[in-house]
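Since this is a predicted model, take the numbers as computed values, not measurements.
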Amino acid sequence: MTESERVAVIGVGIVGACVGWNLVRLGAKVVFIDAGQPGAGVTNWSFSWVNASNKTVRRSYFDLNVAGMAAHRALARDIGADSWWHPSGHLRWADPAAQAKVLQSVEVLAAWGYRVEVHTGAEVRRRLEPALAVPDSAPVVFYPDEAWVHGRRLVARLTSEAVGRGAEHRFDTAVCDISTRADGSIRSVALTDGSRLDVDAVVNAAGPDARHVAALVARQLPMRREPGVLTRVDCAPVPVHRALHAPDIEIRPDTDASVVLHSRDTDALIDTDADPAELARQLHASARRAVPALGTARIAQTRVVNRPVPADGFPSVGAWPSVPGYYEAVSHSGITLGPVIGRLLATEILSGERDAMLADFRPQRFAS
């Protein structure tokens, strides 16, 4: 592609916003398209934890997430941290039965050069989080380089800057057709508002809807069904200062007067008869055990969303050769990976340069 050609970014969550912002920064013409509002979907209902400590299943995936952490720090320098970037580290402790597994991961991470510290519960309460109900002698792991992100604020900042540099946007309207030229390359996208846009490339960053967008170019993108539930509780003052993984619960600050709660154990109940309100009550009960000060918090919002997870659990990023001009940027852990995927994919779209860091995550591994 040349910089004068037009790229449609379909889906303006964290990944799409990062791809579009990087394309504009490199001089491309971009049109953002989203069926809703920027960052209002999965990005707004994510635990939003920037990390690589939970990504050790494959070394290349770990390395990509480490690069994502570095890309966040660079992005904070480039656009300003404002209220979206919170590099306060992350704490994890477990029940006695699971402690050995947590400490084994510490050894792997340390061997891979990842900064990790182990403290006692008493030390953590004294130095970092006074409100925690963690036993004095319990080992608590601290990851000082990890962070949390206010995803919707970051998306708003990136899209606003991109539009200020000339990007177009079509929000509250979805893509319903993608047409191609005689040679099979991308020609245009049709929207549900009745309009059609001539474009030279599309980026499928549609998150949970990525399979549908891929099908518009006869591409079969296999996706998992992996729903998750997240609850926001109102509390003032907020009793915790960083992302936490306690037994049965994940907790992080969200605003100056709210906290986010999530649990994989609770996610497993979504397909039972438990309704979202009951799931929220379970999350709140687990949070109170870890942080008793949350006992007076009020459940404010709960949402069940489908996470954008390709079938093998890893990102699908890059060109699909069968359709010149069609690119994918589909990934779970989009909060961590958005800035690095955005940078690498924007460079690939404009220059054809394929970064080796994405070698294991190319769309071609899913034959169709």
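Using modelled atom types, one side-chain atom of Asn204 and one backbone atom of Ala206 make a donor-acceptor pair closer than 3.5 Å. Looking at Arg165, its side chain never comes within 3.5 Å of a backbone N or O of Glu161 through a donor-acceptor pair. Panel note: side chain Ser263, backbone Asp248; a donor-acceptor pair is recorded below 3.5 Å.
For the side chain to side chain donor-acceptor pair (under 3.5 Å) condition, the pairs that include at least one residue of residues 334-348, sequence neighbours left out, are Glu348-Arg362. Counting only residues at least two apart or in different chains, salt bridge (Lys or Arg N to Asp or Glu O under 4.0 Å) contacts with residues 123-135 comprise Arg125-Asp136, Glu129-Arg242.
For His119, the NE2 atom counts as densely surrounded, since its 6.0 Å shell holds more than 12 non-hydrogen atoms of other residues, nucleotides or ligands.
Neither side chain, Ser258 nor Arg232, offers a donor N or O lying under 3.5 Å from an acceptor on the other. Looking only at atom types and distance, the side chain of Ser60 has a donor-acceptor partner in the side chain of Asp360 under 3.5 Å away.
With sequence neighbours excluded, the residues forming a side chain to side chain donor-acceptor pair (under 3.5 Å) with Ser53 are Glu146, listed by chain and number. Residues that satisfy the side chain to side chain donor-acceptor pair (under 3.5 Å) test with Asp256, not counting sequence neighbours, are absent from this structure. For Asp267, the salt bridge (Lys or Arg N to Asp or Glu O under 4.0 Å) partners at least two apart in sequence or on another chain are Arg307.
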_Step-by-step side-chain contact (heavy atoms from CB on, under 4.5 Å) determination, Thr56 to Ser105_ = CA-CA 8 Å; Thr56 57; Ser105 74; 5.6 Å; no
*Passes side-chain contact (heavy atoms from CB on, under 4.5 Å), Val155 versus Asn44? Steps please.*
CA-CA 10 Å; Val155 169; Asn44 193 43; over 6 Å; no
*Report the C-alpha distance between His90 and His245 in whole Å, list the side-chain angles of each, state the deciding distance to 0.1 Å, and finish with yes or no for ring-ring contact (aromatic ring centres under 6.0 Å, His included).*
CA-CA 8 Å; His90 163 243; His245 275 68; 4.8 Å; yes
*Test side-chain contact (heavy atoms from CB on, under 4.5 Å) on Arg157 and Trp85 and set out the steps.*
CA-CA 12 Å; Arg157 179 69 183 277; Trp85 175 237; over 6 Å; no
*Evaluate the side-chain contact (heavy atoms from CB on, under 4.5 Å) criterion for residues Val124 and Leu91: first the C-alpha distance (whole Å), next the side-chain angles of each, then the deciding distance (0.1 Å), finally the verdict.*
CA-CA 9 Å; Val124 165; Leu91 290 167; 3.7 Å; yes
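Expressed to the nearest 0.5 Å, how far OG1 of Thr43 lies from CZ of Arg153 amounts to 14.5 Å. Taking CG of Asn54 as the reference point, atom OH of Tyr61 lies at 9.0 Å (rounded to 0.5 Å). Between the CG atom of Leu337 and the NE2 atom of His72 there is a distance of 8.0 Å, given to the nearest 0.5 Å. Note that CZ of Arg92 is 11.5 Å distant from CG of Leu103, once rounded to the nearest 0.5 Å.
Counting heavy atoms from C-beta outward, Thr120 and Ser137 have side chains that stay 4.5 Å or more apart. The side-chain heavy atoms of Arg73 and Pro87, taken from C-beta on, include no pair separated by under 4.5 Å. Side chains of Leu109 and Tyr143 form a contact here, defined as non-hydrogen atoms less than 4.5 Å apart. Within the 4.5 Å cutoff, the side chain of Ile79 has heavy atoms near those of the Trp21 side chain. Considering only heavy atoms from C-beta on, Leu128 comes within 4.5 Å of Phe142 through its side chain. Within the 4.5 Å cutoff, side-chain heavy atoms of Ile186 are placed close to those of Val217. Cys18 is listed as a side-chain neighbour of Leu158, based on a closest heavy-atom distance under 4.5 Å. Taking the side chain as every heavy atom from C-beta outward, Leu283 and Thr302 never approach each other to under 4.5 Å.
One hydrophobic cluster, built from ILVMFWY side chains closer than 4.5 Å, holds both Phe62 and Phe361. When hydrophobic clusters are built by joining Ile, Leu, Val, Met, Phe, Trp and Tyr residues whose side-chain heavy atoms come closer than 4.5 Å, directly or via intermediates, Val141 is not grouped with Ile249. If you chain together hydrophobic residues whose side chains sit under 4.5 Å apart, Val340 and Leu26 fall into the same group. Note on Val15 and Leu358: same hydrophobic cluster, where clusters join Ile, Leu, Val, Met, Phe, Trp and Tyr whose side-chain heavy atoms are under 4.5 Å apart, directly or indirectly. Cluster membership check: Val199 does not share its hydrophobic cluster with Val163, using side-chain heavy-atom separations under 4.5 Å among Ile, Leu, Val, Met, Phe, Trp and Tyr.
When every heavy atom of Asp177 is checked against every heavy atom of Leu216, the shortest pair comes out as N-CD1, 4.0 Å. Of all heavy-atom pairs spanning Ala243 and Arg252, the tightest one is CA-CB, 3.9 Å. Pairing each heavy atom of Leu261 with each of Val259, the nearest pair is CD2-CG1, 3.9 Å. When all heavy atoms are compared, the tightest approach of His241 to Ser88 is O-OG, 3.3 Å. Contact detail for Asn22 and Ala346: the closest heavy-atom pair is CB-CB, 3.6 Å. Minimum heavy-atom separation, Pro321 to Gln364: CG-NE2, 3.6 Å.
The residue from Val202, Asp198, Asp200, Leu197 that alone fulfils the side-chain contact (heavy atoms from CB on, under 4.5 Å) condition with Ser188 is Asp198. With Gln282 as the partner, the side-chain contact (heavy atoms from CB on, under 4.5 Å) test is satisfied by one option alone out of Leu269, Val229, Thr231: Leu269.
For Arg225 and Asp271, the salt-bridge test passes: some basic side-chain N is under 4.0 Å from an acidic carboxylate O. Ion pairing of Arg25 with Asp78 is absent here, as no side-chain N (NZ or NE/NH1/NH2) approaches a carboxylate O to less than 4.0 Å.
Counting Ile, Leu, Val, Met, Phe, Trp and Tyr side chains that sit under 4.5 Å apart, directly or through other members, Val260 shares a hydrophobic cluster with Val42, Trp45, Phe47, Trp49, Leu230, Val305.
Taking the ring centre of Tyr326 as origin, the terminal cationic atom of Arg219 falls outside the region bounded by 6.0 Å and 45° from the ring axis.
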